[in-house]
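Working notes, beginning with the structure itself.
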Amino acid sequence: HRGDMNMAKQVLIVDDHDGVRKGLSMLFELESGFSVVGEAVDGHDAVEKALQLKPDLILLDLSMPGMNGLQAARAIRPMLPSTSLMLFTLHRDEVTDSAALAAGINAVVSKGEGADTLLNQAHVLLGV
């Protein structure tokens, strides 16, 4: 079924916590229509991998050392205009939402909203 795999939307997971990355990768791998093509540990790594992999969706953690999710989004957005960017954050508020919008992020999901909300949002963004 090689053809089926090609239809899957490619996801890049960015989080500085190993366990969180693994959990999110598993979540998207198990969800039909998605395939995790890479993981990045911080913003710089995210920018590098985004350009290399050109995924359909990049899931960005907001708070990461060095370069955070918003900074990474600002760097990635002009280079990959058609890639969907989702910000995954512990604390969601209006400030974060408007900063995310300004950075070119398509959706913000708080970690408290859980996996279902996250996957639903990804489906909506990518139309899968």
Side-chain angles (χ1 to χ4, degrees):
H1 287 309
R2 260 198 68 74
D4 298 354
M5 275 310 292
N6 296 340
M7 294 308 295
K9 298 291 184 184
Q10 303 191 326
V11 186
L12 171 63
I13 309 262
V14 187
D15 199 295
D16 56 325
H17 295 286
D18 224 24
V20 176
R21 261 198 334 275
K22 295 280 170 281
L24 290 169
S25 286
M26 227 154 70
L27 192 68
F28 276 96
E29 278 295 334
L30 293 171
E31 187 71 11
S32 71
F34 295 101
S35 166
V36 176
V37 290
E39 293 181 9
V41 294
D42 60 35
H44 293 287
D45 194 21
V47 174
E48 211 168 283
K49 292 209 167 101
L51 285 178
Q52 188 190 331
L53 300 164
K54 300 187 173 53
D56 299 295
L57 172 68
I58 301 175
L59 187 60
L60 290 160
D61 181 27
L62 174 59
S63 38
M64 296 180 288
M67 183 188 220
N68 71 24
L70 286 174
Q71 293 165 316
R74 282 189 208 108
I76 293 165
R77 176 48 73 217
M79 300 186 286
L80 299 173
S82 61
T83 294
S84 292
L85 302 177
M86 271 174 78
L87 193 67
F88 198 42
T89 171
L90 211 50
H91 308 289
R92 188 177 170 189
D93 53 39
E94 281 168 36
V95 178
T96 308
D97 279 7
S98 60
L101 209 62
I105 287 170
N106 305 93
V108 182
V109 177
S110 84
K111 292 184 180 180
E113 287 176 277
D116 287 349
T117 306
L118 185 67
L119 290 171
N120 284 343
Q121 197 65 56
H123 280 291
V124 170
L125 278 183
L126 298 174
V128 287

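Computed over heavy atoms, backbone and side chain alike; hydrogens, waters and symmetry mates excluded. All figures in this text were calculated on a predicted structure; none of them were measured in a lab.
For Asp16, there are no salt bridge (charged side-chain N to carboxylate O under 4.0 Å, His left out) partners at least two apart in sequence or on another chain.
By the rule that hydrophobic residues join a cluster once side-chain heavy atoms approach within less than 4.5 Å of another member, Leu51 and Leu53 end up as members of one cluster. In the hydrophobic cluster analysis, where Ile, Leu, Val, Met, Phe, Trp and Tyr join through side-chain heavy atoms closer than 4.5 angstrom, Leu126 is grouped together with Val109. No path of Ile, Leu, Val, Met, Phe, Trp and Tyr side chains, each step under 4.5 Å between heavy atoms, connects Val37 with Leu59, placing them in separate hydrophobic clusters. When hydrophobic clusters are built by joining Ile, Leu, Val, Met, Phe, Trp and Tyr residues whose side-chain heavy atoms come closer than 4.5 Å, directly or via intermediates, Met7 is not grouped with Val124.
Smallest separation of non-hydrogen atoms from Ile105 and Val108: CG2-CG2, 4.4 Å. What you find for Pro55 and Gln10 is that their closest heavy atoms are CB-O, 3.5 Å. Between Ser25 and Val36, the closest heavy-atom pair is O-CG2, 3.5 Å. The two residues Phe34 and Phe28 make their nearest non-hydrogen contact at CB-O, 3.5 Å. Closest of all the heavy-atom pairs between Ser110 and Arg92 is CB-CB, 3.7 Å. In this structure, Met64 and Gly43 approach most closely via the heavy-atom pair CE-N, 3.8 Å.
A salt bridge does not link Lys49 with Glu39: every distance from a Lys NZ or Arg NE/NH1/NH2 to an Asp or Glu carboxylate oxygen is 4.0 Å or more.
Atom CE of Met79 has more than 12 neighbouring heavy atoms from other residues, nucleotides or ligands inside a 6.0 Å radius.
Going from atom NZ of Lys111 over to atom CG of Leu24 covers 7.5 Å, rounded to the nearest 0.5 Å. From Leu57, atom CG reaches atom CG of Leu85 across 8.0 Å, with rounding to the nearest 0.5 Å. Remark: Leu12 CG to Ile76 CD1 distance equals 7.0 Å, nearest 0.5 Å. Considering NZ of Lys54 and OG of Ser82, their distance stands at 10.5 Å, rounded to 0.5 Å. The CG atom of Asp15 sits 10.5 Å away from atom CG of Leu62, with the distance rounded to the nearest 0.5 Å.
By the 4.5 Å heavy-atom criterion applied to side chains, Val128 and Asp56 are not counted as neighbours. Between Leu87 and Leu60 the shortest side-chain heavy-atom distance falls below 4.5 Å. Within the 4.5 Å cutoff, the side chain of Leu118 has heavy atoms near those of the Leu27 side chain. Taking the side chain as every heavy atom from C-beta outward, Lys9 and Ser35 never approach each other to under 4.5 Å.
With hydrogens and angles disregarded, a donor-acceptor distance shorter than 3.5 Å links the side chain of Ser98 to the backbone of Glu94. A side-chain donor-acceptor contact under 3.5 Å links Arg77 to the backbone of Thr83. Without hydrogens or angle criteria, Asn106 side chain to Met86 main chain gives no donor-acceptor distance under 3.5 Å.
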**Prompt:** For Thr117 and Asn120, what are the C-alpha separation, side-chain angles and deciding distance, and is it a side chain to side chain donor-acceptor pair (under 3.5 Å)?
**Reply:** CA-CA 5 Å; Thr117 306; Asn120 284 343; 5.7 Å; no
Return a table of donor-acceptor pairs under 3.5 angstrom between the side chains of residues 66-75 and protein atoms on other chains or two or more places apart.
residue: Asn68; atom: OD1; partner: Leu70; partner atom: N; Å: 3.0
residue: Asn68; atom: OD1; partner: Gln71; partner atom: N; Å: 2.8
residue: Gln71; atom: OE1; partner: Asn68; partner atom: N; Å: 2.7

